[in-house]
Amino acid sequence: MRLSRYFMPVLKETPAEAQIASHRLMLRAGLIRQSSAGIYSWLPMGLKVLRRLEQIVHEEQQRAGHHPMLMPTIQSADLWKESGRYDDYGKEMLRISDRHGRDMLYGPTNEEQITDIFRRDVSSYKQLPLTLYHIQWKFRDEVRPRFGVMRGREFLMKDGYNFDLTKEDALHAYNRHMVSYLRTYERMGLKAIPMRADGGPIGGDYTHEFLVLADTGESEVFYDSAVTDLTLGERDVDFDDVAQCQALMEEFTTPYARTDETHDEAIFAEVPEERRKTARGIEVGQIFYFGTKYSEAMGANVQGTDGKNVPVHMGSHGIGVSRLVGALIEANHDENGIIWPESVAPFGVSVVNLKQGDTDTDRVCEELYAALGKAGIEVLYDDRSERAGTKFATADLIGSPWRITVGPRGLKEGVVEVTSRRSGEAETMAPDAAVGKLAEIFAGL
RNA sequence: CGGGCUAUAGCGCAGUCUGGUAGCGCGUCCGUCUGGGGGACGGAAGGUCGUAGGUUCGAAUCCUGCUAGCCCGACCA
């Protein structure tokens with residue numbers, strides 16, 4: 001993308017309403033604009049990030065054997081009256097009525113809807129196990145929205161639902177989700193720790209929250225530092241392998257890791273003192289197994305091998321996709337701006353032309369732009385007639401992980417400069433070598 | 001939902017106390033000089049001062065209602 005033709009309204013100063021780094025930087029870098037309290041428009045570059053996260057979530061869900069679908073944002077209240085949650089949910093739920101005076105609502109989640117879909121078309125154990133998910137906008141009418149997209153009222157969420165004949169099968173689904181979530185966050189360049197959690201309004205005995213450590217996190221967390229060393233890495237996972245998923249789940253949940261809601265000082269005290277850590281965390285996902293709570297309330301039964309109807313065992317699982325954009329920035333920024341991990345960056349490379357209008361710098365920039373694009377890298381070419389300082393400041397702010405600086409001084413020696421946004425380290429090399437180096441870096445993503 | 005604060009140009013702010021018809025910086029547009037970390041100079045555009053009503057010869061300024069936004073707490077992904 002040529003910056004001169006793009007819509008990327010960056011701000012030099014921070015809007016007064018933004019308190020935390022991610023909110024400030026999302027506004028300053030032109031990712032979002034507020035529409036009303038807790039409701040945001042996603043500008044082109046913000047949408048790019050959101051789409052990249054969605055893409056990773058889709059790939060990892062489908063890798064685990066889950067099926068994408070899409071349910072509506074507006075739901076009928078009838079289903080919620082049936083499950084009993086119409087009254088339980090309280091003012092957080094945005095209630096509306098249509099022209100006929102029917103009670104409707106803007107969905108804060110979709111257990112009722114998915115259960116309704118399930119019970120209409122699934123009647124036999126032979127159709128199980130089944131896990132369906134979607135990525136859809138939700139609305140929760142927070143009393144006090146804040147921190148930009150981290151605690152908005154409207155938010156994009158992946159929510160998934162598993163249906164299984166037995167508790168054992170449903171717990172495998174639970175473990176499978178645990179592992180697929182770990183993979184998902186790792187691909188995004190995030191360290192998310194599964195922590196034992198409270199059921200909350202969704203209910204359930206088995207539940208873990210995934211938290212990203214960040215000073216601005218809303219939850220206080222307590223953990224054994226051993227848990228932060230764990231990674232899935234390149235390990236090959238067979239999501240149908242019950243024992244493997246179980247083992248991985250145990251590996252990642254055995255070290256102590258809890259939020260303040262479930263924290264137990266007595267158990268925590270057993271962790272060796274030097275490994276006992278207290279920090280703050282941002283919740284970016286949660287998984288639940290809740291048994292037959294909804295299937296019983298809503299009559300979601302299947303016939304078992306003996307021909308008898310039994311309620312299915314269910315679980316639900318969520319990833320806060322829009323919130324993740326904020327969490328990623330909280331975990332990846334410095335005083336100059338955002339530092340995107342390669343896998344989610346809206347632009348992998350910023351090409352900075354230090355002397356717009358100079359025949360040689362213009363030509364080399366164009367060649368780099370074309371060659372990097374051919375290598376499958378999204379490039380933001382800063383072709384504005386701005387001075388070097390302005391272009392560097394913009395590049396730092398928007399956080400492309402790599403910058404190629406092209407100026408007459410370097411071109412005299414036949415080189416350009418390749419700079420890592422994260423480390424700040426710069427290397428000079430021929431333009432061809434720069435393309436080769438970056439193509440290699442981005443090839444694995 | 002309790003407590004506190006704010007609303008003036010795209011962004012950050014002054015002006016309000018003491019009423020006289022709106023200003024600064026950044027950004028934007030034009031021009032010139034520049035050109036490796038937000039450059040300089042000259043010119044210009046842009047505001048029903050959140051909204052409705054009241055007081056007054058006259059209201060950004062004083063009074064009342066409303067709305068929106070922000071902060072702390074409780075709540076929550």
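Predicted, not measured: the structure shown is a model, and the values here were computed from it. By convention in this document, chain letters (A, B, ...) are assigned in the order of the sequence lines, proteins followed by strands, and residues within each chain are numbered from 1.
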- Query: If you pin A:Arg323 and A:Gly38 to their nearest nucleotides in RNA chain B, which one's is more 5'?
  - Reply: A:Gly38

- Query: When you match A:Phe147 and A:Glu209 each to their closest nucleotide on RNA chain B, which lands nearer the 5' end?
  - Reply: A:Phe147

Report which part of the nucleic acid [X] touches: base, sugar-phosphate, or nothing (heavy-atom distance under 4.0 Å, all strands).
{"X": "A:Gly152", "value": "base"}
{"X": "A:Lys138", "value": "nothing"}
{"X": "A:Glu142", "value": "base"}

- Message: Counting only heavy atoms not in A:Lys91 (residues, nucleotides, ligands), do more than 12 fall under 6.0 Å from its NZ?
- Response: no

Could you tell me whether the side chain of [Y] reaches within less than 4.5 Å of the side chain of [X], counting heavy atoms only?
{"X": "A:Tyr161", "Y": "A:Leu132", "value": "no"}
{"X": "A:Cys245", "Y": "A:His172", "value": "yes"}
{"X": "A:Tyr381", "Y": "A:Met1", "value": "no"}

- Closest to the A:Glu13 side chain, choosing from B:C26, B:C1, B:C76: B:C26

- Task: Side chain of A:Ala16 only, please: which of B:G12, B:A74, B:C70 is the nearest?
- Result: B:G12

Partner nucleotide, any strand, of [N] [Watson-Crick/G-U, under 3.5 Å]:
{"N": "B:U61", "value": "none"}
{"N": "B:A7", "value": "B:U67"}
{"N": "B:G19", "value": "none"}
{"N": "B:C33", "value": "B:G39"}
{"N": "B:G2", "value": "B:C72"}
{"N": "B:A44", "value": "B:U28"}

For the [atom1] atoms, the ones on [N] and on [M], what distance do you get once it is rounded to whole angstrom?
{"N": "B:G10", "M": "B:A52", "atom1": "C1'", "value": "27 Å"}
{"N": "B:U21", "M": "B:G65", "atom1": "C1'", "value": "26 Å"}
{"N": "B:G47", "M": "B:G12", "atom1": "C1'", "value": "16 Å"}
{"N": "B:G58", "M": "B:A22", "atom1": "C1'", "value": "16 Å"}

Are [X] and [N] close enough that a side-chain N or O sits under 4.0 Å from OP1 or OP2?
{"X": "A:Arg151", "N": "B:C76", "answer": "no"}
{"X": "A:Arg144", "N": "B:C72", "answer": "yes"}
{"X": "A:Gln19", "N": "B:C72", "answer": "no"}

- Apply side chain to side chain contact (heavy atoms under 4.5 Å, CB included) to A:Ala18 and list each qualifying residue two or more places apart in sequence or on a separate chain. A:Thr14, A:His23, A:Arg24, A:Leu27

- Task: Report yes or no: is the cationic atom of A:Arg95 (NZ for Lys, CZ for Arg) under 6.0 Å from the centre of the six-membered ring of A:Tyr86, at an angle within 45° of the ring normal?
- Result: yes

- With the sugar-phosphate defined as primed atoms, P, OP1 and OP2, and the base as all remaining atoms, what B/S/- string results for nucleotides 34-47 of chain B, 5' to 3', for protein heavy atoms under 4.0 Å? BBBBBB--------

- Task: Please check if the distance between the ring centroids of A:His58 and A:Tyr133 is under 6.0 Å.
- Result: yes

- Item | Qualifying ring pair (Phe, Tyr, Trp, His ring centres under 6.0 Å) pairs with a residue from residues 316-357 of chain A, counting only residues at least two apart or across chains | A:Tyr6-A:Phe347, A:His177-A:His317

